[in-house]
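To start, the structure under review is shown below, and the notes come after it.
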Amino acid sequence: MKRNTLQRQIVMNALKKMHNHPTASQVYAYVRADYPTISKATVFRILNQESEEGTIMKVPVNDSEMHYELKNPPHYHLRCRICGKVIDAPFPYQAHMEDVEQVNGFLIEGHSIEFYGICEECRKAEKSRMR
Ligand SMILES: [Zn+2]
Ligand SMILES: [Zn+2]
């Protein structure tokens, strides 16, 4: 049985409602609005435990803080270098690229590709500033 089941549910519900792959700090800020007594350490610990157990995933992006999302089939991400938002890329995961195992004996378990650039909102904001 899992400890802290109620706190765990609170954190998991927050992650379900939040989009765009929040960081642990963002999950904490979201949860704290409704549950002011929950500690930052608890939220961070639950996110870590859940990702170790595989119910949520760490999102591999080049950012200073780890992002999280609920378990999903593998997919790529787009990261905005202005506002830091991370969204799912709308093109298919290239599972066949993992077939090179046969070439040199290296066992590939997965891969990640990060696309970075400027999101729609930030591009609009930039345009209106230049006007
Ligand atoms: Zn942006
Ligand atoms: Zn994602």
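The figures that follow rest on heavy atoms only: side chains count, while hydrogens, waters and symmetry mates do not. Read the numbers this way: they start at 1 and go in the same order the structure lists the ligands and their atoms.
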(message) Need the atom name: nearest N/O/S atom of Glu69 to the Zn ion (ligand 2).
(response) OE1
(request) Following the transitive rule for hydrophobic clusters with a side-chain heavy-atom cut-off under 4.5 Å over Ile, Leu, Val, Met, Phe, Trp and Tyr, establish whether Leu15 and Val59 coincide in one cluster. (result) no
(request) Consider only side-chain heavy atoms of I, L, V, M, F, W and Y, link residues closer than 4.5 Å, and tell whether Ile108 and Ile113 are in one cluster. (result) no
(message) Please report the interatomic distance OG(Ser51) to CD(Glu69), rounded to the nearest 0.5 Å.
(response) 12.0 Å
(request) Look up atom CG in Asp88 and atom CG in Asn72, then write down how far apart they are to the nearest 0.5 Å. (result) 6.5 Å
(request) Flag yes if Met97 and Phe106 sit in one hydrophobic cluster, no otherwise; membership is Ile, Leu, Val, Met, Phe, Trp, Tyr, and two members link when side-chain heavy atoms are under 4.5 Å apart. (result) no
(request) Check the Zn ion (ligand 1) and write out every protein N, O or S atom at under 2.8 Å, as residue and atom. (result) Cys80 SG, Cys83 SG, Cys119 SG, Cys122 SG
(message) Test of understanding: clusters of I, L, V, M, F, W, Y form through side-chain heavy atoms closer than 4.5 Å, transitively. Do Leu47 and Tyr30 belong to the same one?
(response) yes
(request) Check the hydrophobic clustering (I, L, V, M, F, W, Y; side-chain heavy atoms under 4.5 Å; chains of links allowed) and say if Met57 and Val27 are grouped together. (result) no
(request) Specify which N/O/S atom of Asp88 comes nearest to the Zn ion (ligand 2), by atom name. (result) OD1
